[in-house]
Amino acid sequence: ARGFTSTHLAIIASTGSGKSYLAGVFLEELMRPSTRAAVLVIDPHGEYDTLTEMQGDGRFAAEGYRPTVKIVRPTEIKVRVSSLTLSDLRYLLPNLSERMHYLLGQAFRRVTHEHDDKWTRAHLRMAIRAGLDDRNAPPGEEEAREEDASVGALIWRVNSVLESKVFDDFVSLPLGDLCRPGQCTVLQLNEIPEREQQIIVATLLRRINQARMDTERQRALPEEENYLPYPVFVLIEEAHNFAPANAEIVTTQILKQILSEGRKFGVAVGLISQRPGKLDSDVLSQCMTQCILRVVNPVDQ
């Protein structure tokens with residue numbers, strides 16, 4: 001199991017070829033007393049509930065140890081808005097005008113400068129409105145009306161997206177609860193829109209990677225939320241939704257970073273996909289261990 005996770009893993013197979021079963025067997029090995037890994041499963045379709053059977057199975061128990069399987073339901077998932085980057089916000093708010101892009105960038109730089117990583121949705125709305133006050137020269141009446149319309153439209157879009165139950169001003173999923181030795185955490189993303197799924201995964205991967213880097217470099221103290229003193233294995237189902245070919249989305253960049261640098265900081269990734277042809281080729285090429293089952297489509301072959 002350690003050999004598999006140290007080189008990053010890909011499981012490639014057509015539907016019904018046993019890729020989820022193979023992944024389940026692999027996860028069982030990671031939960032055995034001799035391994036006791038910290039595992040996070042990204043489960044877009046809610047298919048991994050059966051892993052809870054491990055908890056009552058004597059084969060996985062030892063003196064003083066029994067594996068834990070933690071299921072995080074869609075209604076329990078929270079992303080603190082201040083963990084979003086400007087790229088995340090732009091991804092959540094597609095089809096913005098040039099003026100809106102400019103206002104959003106100005107507002108984001110303002111809130112991160114004034115509030116660091118503690119800004120809220122109210123802070124962002126205020127910063128967008130404040131963008132009008134920062135004009136170097138007073139515009140004509142027509143231009144002023146256009147700018148007022150851009151501000152109002154941008155605030156409306158920010159509200160409509162960030163008022164989702166996924167986003168919160170103060171709460172995020174604690175890394176210490178998600179990633180523990182001997183615990184397999186299943187993050188169920190079914191019922192959550194695809195763009196929000198991708199944002200959830202991107203923010204979590206960034207936090208895990210940063211926490212491992214800070215902990216390894218002794219920049220995080222045990223009482224801090226970014227203290228993560230053990231390696232983490234992240235298994236991503238339907239990986240082509242998070243690193244699609246011919247399209248850069250918010251999760252692609254952080255996946256590339258972890259796949260190229262994560263090993264030295266103790267972050268390993270497993271990708272599962274039925275369509276390797278739809279998976280980013282750079283991401284797939286970084287998985288040095290590949291389990292390839294039945295693949296029918298000629299493009300995928």
Side-chain angles (χ1 to χ4, degrees), residues 1 3-27 29-30 39-51 74 85 87-88 90-92 94-95 186-206 208-209 232-263 267-301:
F4 269 56
T5 56
S6 66
T7 56
H8 302 302
L9 168 71
I11 300 175
I12 306 296
S14 302
T15 302
S17 299
K19 62 183 183 302
S20 295
Y21 178 80
L22 175 60
V25 172
F26 182 55
L27 291 172
E29 292 301 315
L30 289 173
V39 178
L40 175 64
V41 178
I42 307 299
D43 181 14
H45 299 308
E47 298 173 334
Y48 281 77
D49 288 60
T50 53
L51 289 173
T85 65
S87 296
D88 293 340
R90 285 180 169 150
Y91 186 69
L92 283 167
N95 306 318
V186 179
L187 201 67
Q188 292 189 334
L189 301 178
N190 52 313
E191 303 171 17
I192 295 176
E194 189 172 275
R195 276 181 186 263
E196 290 184 16
Q197 288 188 20
Q198 292 158 348
I199 290 292
I200 290 164
V201 173
T203 53
L204 264 179
L205 288 175
R206 279 200 300 263
I208 289 170
N209 194 48
V232 176
F233 178 67
V234 183
L235 184 67
I236 303 176
E237 263 281 8
E238 304 291 352
H240 50 271
N241 291 337
F242 300 98
N246 307 316
E248 280 277 333
I249 64 171
V250 290
T251 36
T252 306
Q253 187 176 2
I254 183 60
L255 272 173
K256 286 181 178 179
Q257 182 183 343
I258 290 175
L259 287 164
S260 61
E261 304 172 5
R263 279 178 56 208
V267 183
V269 172
L271 305 175
I272 304 176
S273 178
Q274 59 192 19
R275 294 301 313 274
K278 290 188 174 181
L279 190 59
D280 184 274
S281 56
D282 291 338
V283 167
L284 186 56
S285 68
Q286 293 287 343
C287 297
M288 304 308 293
T289 301
Q290 298 191 4
C291 302
I292 301 174
L293 308 180
R294 188 181 68 185
V295 177
V296 178
N297 187 288
V299 174
D300 294 334
Q301 290 175 349

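For this chain, numbers begin at 1 and follow the sequence in order.
Taken to the nearest 0.5 Å, the CD1 atom of Ile272 stands 4.5 Å off from the CD1 atom of Ile11. Note: Ile199 CD1 to Ile192 CD1 = 12.5 Å, rounded to the nearest 0.5 Å. Once rounded to the nearest 0.5 Å, the distance linking CG of Asp300 with NE2 of His240 reads 9.5 Å. Ser260 contributes atom OG, which lies 7.5 Å from atom NE2 of His8 (distance to the nearest 0.5 angstrom). How far CD of Glu237 is from OG of Ser20: 4.0 Å, rounded to the nearest 0.5 Å. Between the CG atom in Asp43 and the CG atom in Leu189 there is a gap of 7.5 Å [rounded to 0.5 Å].
The two residues Leu255 and Ala243 have their closest heavy-atom pair at CD1-CB, 3.9 Å. Counting all heavy atoms, side chain and backbone alike, Ser14 lies closest to Val296 at OG-N, 3.3 Å. For the residue pair Leu293 and Ala13, the shortest heavy atom distance occurs at CB-CB, 3.5 Å. Between Cys287 and Leu271, the shortest heavy-atom contact is SG-CD1, 3.7 Å. The two residues Thr251 and Ile254 make their nearest non-hydrogen contact at O-CG2, 3.3 Å. Contact detail for Pro44 and Phe242: the closest heavy-atom pair is CG-CE1, 4.0 Å.
Proximity of Ile42 to Gln197: side-chain heavy atoms (C-beta onward) are nowhere separated by under 4.5 Å. Using a 4.5 Å heavy-atom cutoff, the side chains of Ser87 and Gln253 are not in contact. Looking at heavy atoms from C-beta onward, Val234 lies out of side-chain contact with Leu204 at the 4.5 angstrom threshold. Between Phe26 and Leu22, the closest side-chain pair of non-hydrogen atoms is not below 4.5 Å. You'll find the side chain of Ile12 stays beyond 4.5 Å of the side chain of Lys19, heavy atoms only. Met288 has its side chain out of reach of Gln286: every pair of non-hydrogen atoms, C-beta onward, lies at least 4.5 Å apart. Proximity of Thr203 to Arg206: side-chain heavy atoms (C-beta onward) are separated by under 4.5 Å at one or more points.
Between the side chains of Thr85 and Asp88, at least one donor N or O sits under 3.5 Å from an acceptor N or O. For the residue pair Gln188 / Asp49, a side-chain donor-acceptor distance below 3.5 Å is found, with atom types taken as modelled.
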Could you go through the side chain to side chain contact (heavy atoms under 4.5 Å, CB included) check for Glu47 and Glu238 one step at a time? CA-CA 11 Å; Glu47 298 173 334; Glu238 304 291 352; 5.6 Å; no
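Heavy-atom neighbours of Lys278 NZ from other residues, nucleotides or ligands within 6.0 Å: at or below the threshold of 12.
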